[in-house]
Amino acid sequence: MTAESATLDSDVPQRFLEHSAYLSWLGIQIDTLGSASATIRLPAKSKHFNPAQGTSKAISGGVISTLIDISGGFAIWTTCDDPERAQLSTIDMNVSFLHPASDDLIAVAEVVRSGDTFGVVEVTVESADEGDRVVATGRATYRIGTETSQ
């Protein structure tokens, strides 16, 4: 697999977001898909905040974890030989929460390694309105298959 083989102008990622009720509800947006990378945005809304935080607004860790997972998956997707048929499954993910976030988030995912059946991605999540402060980092491993191999 090579990053150059990806059809970066494909509508598959956008269709994926639109057909997932959860991701549509979150409002995740694709900024850019590059060669073995993805930049994904999450405009902060009140529905993203952890109600246990009381009066201090903080985006839920589950929402941030989802952003890491989706951005990592899109980065791996750009390395697939046949992105139209690619089927990805998250098989491992680690998230470190560094600071609370209450503003729009930007996840930048970079592929560490992508092979025929597995891929590894590192993701940095920044708060867009807080001077690009890193609020979380993540590392995820994905199984790579196709519609016929799953």
Side-chain angles (χ1 to χ4, degrees), residues 1 3 6-80 83-114 118-147 150:
M1 288 185 189
T7 307
L8 299 179
D9 60 353
S10 171
D11 67 345
V12 169
Q14 190 59 44
R15 283 186 310 188
F16 180 78
L17 290 178
E18 291 169 0
H19 286 95
S20 167
Y22 178 56
L23 299 177
S24 293
W25 178 81
L26 284 175
I28 290 174
Q29 303 168 354
I30 301 168
D31 273 1
T32 59
L33 296 177
S35 294
S37 67
T39 302
I40 309 298
R41 178 178 298 272
L42 177 72
K45 298 181 179 157
S46 61
K47 63 186 175 184
H48 299 139
F49 298 126
N50 184 345
Q53 295 294 316
T55 57
S56 64
K57 298 186 321 182
I59 295 176
S60 165
V63 171
I64 294 171
S65 295
T66 298
L67 183 61
I68 288 171
D69 187 25
I70 295 305
S71 60
F74 283 147
I76 288 289
W77 177 83
T78 68
T79 68
C80 293
E84 299 293 322
R85 293 182 55 231
Q87 299 286 310
L88 304 177
S89 301
T90 309
I91 57 174
D92 185 58
M93 188 168 77
N94 179 285
V95 178
S96 296
F97 300 101
L98 306 174
H99 297 283
S102 59
D103 295 310
D104 293 0
L105 299 177
I106 299 171
V108 178
E110 299 287 337
V111 173
V112 175
R113 182 186 184 288
S114 183
F118 294 96
V120 178
V121 178
E122 290 183 345
V123 182
T124 301
V125 179
E126 299 176 344
S127 177
D129 298 331
E130 296 176 9
D132 298 331
R133 181 182 198 177
V134 176
V135 298
T137 60
R139 185 177 184 102
T141 303
Y142 300 86
R143 181 185 181 283
I144 303 169
T146 61
E147 291 172 354
Q150 295 275 325

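None of these values were measured; they are calculated from a predicted model. Both backbone and side-chain heavy atoms feed into the values below; hydrogens, waters and symmetry mates do not.
- Note that CD of Glu126 and CD1 of Ile106 are 6.5 Å apart. Values are rounded to the nearest 0.5 Å.
- Between Ser71 and Ala109 the shortest heavy-atom distance is O-CB, 3.4 Å.
- Residues Pro100 and Ala58 share a closest heavy-atom pair of CB-CB, 4.2 Å.
- In this structure, the side chain of Thr79 engages the main chain of Ile76 through a donor-acceptor pair within 3.5 Å.
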| Residues Val135, Phe97; criterion side chain to side chain contact (heavy atoms under 4.5 Å, CB included); working and verdict | CA-CA 6 Å; Val135 298; Phe97 300 101; over 6 Å; no

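- Between Val112 and Glu122, the shortest heavy-atom distance links the atoms CG2-CG, 3.5 Å.
- How far CD1 of Ile70 is from CZ of Phe16: 4.5 Å, rounded to the nearest 0.5 Å.
- What you find for Thr78 and Ser37 is that their closest heavy atoms are OG1-N, 3.7 Å.
- Ala75 approaches Val111 most closely through the heavy-atom pair O-CG2, 3.5 Å.
- Atom OG1 in Thr39 sits 8.5 Å away from atom CG in Leu33 (nearest 0.5 Å).
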Evaluate side chain to side chain contact (heavy atoms under 4.5 Å, CB included) for Ile28 paired with Thr66, printing each intermediate quantity in order. CA-CA 10 Å; Ile28 290 174; Thr66 298; 4.3 Å; yes

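- Note: Ile144 CD1 to Phe118 CZ = 9.0 Å, rounded to the nearest 0.5 Å.
- Side chain of His19 to backbone of Arg15: a donor-acceptor contact under 3.5 angstrom is found.
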Next item on the list: Test side chain to side chain contact (heavy atoms under 4.5 Å, CB included) on Val95 and Asp69 and set out the steps.
Entry: CA-CA 10 Å; Val95 178; Asp69 187 25; over 6 Å; no

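- Interatomic distance, Leu26 CG to Leu67 CG, rounded to the nearest 0.5 Å: 9.0 Å.
- Heavy atoms only, all atoms of each residue included: Gly62 and Tyr22 are closest at O-OH, 4.2 Å.
- Checked by atom type and distance alone, the side chain of Asn94 never pairs as donor or acceptor with a backbone atom of Gly138 at under 3.5 Å.
- Between the side chain of Tyr142 and the backbone N or O of Leu88, no donor-acceptor pair lies under 3.5 Å.
- A donor-acceptor contact shorter than 3.5 Å links the side chain of Ser24 to the backbone of Leu17.
- The backbone N or O of Gly27 lies less than 3.5 Å from no partner atom in the side chain of Lys45, so there is not a single donor-acceptor pair.
- One finds the CH2 atom of Trp77 at 12.5 Å from the CD atom of Gln87 (value rounded to the nearest 0.5 Å).
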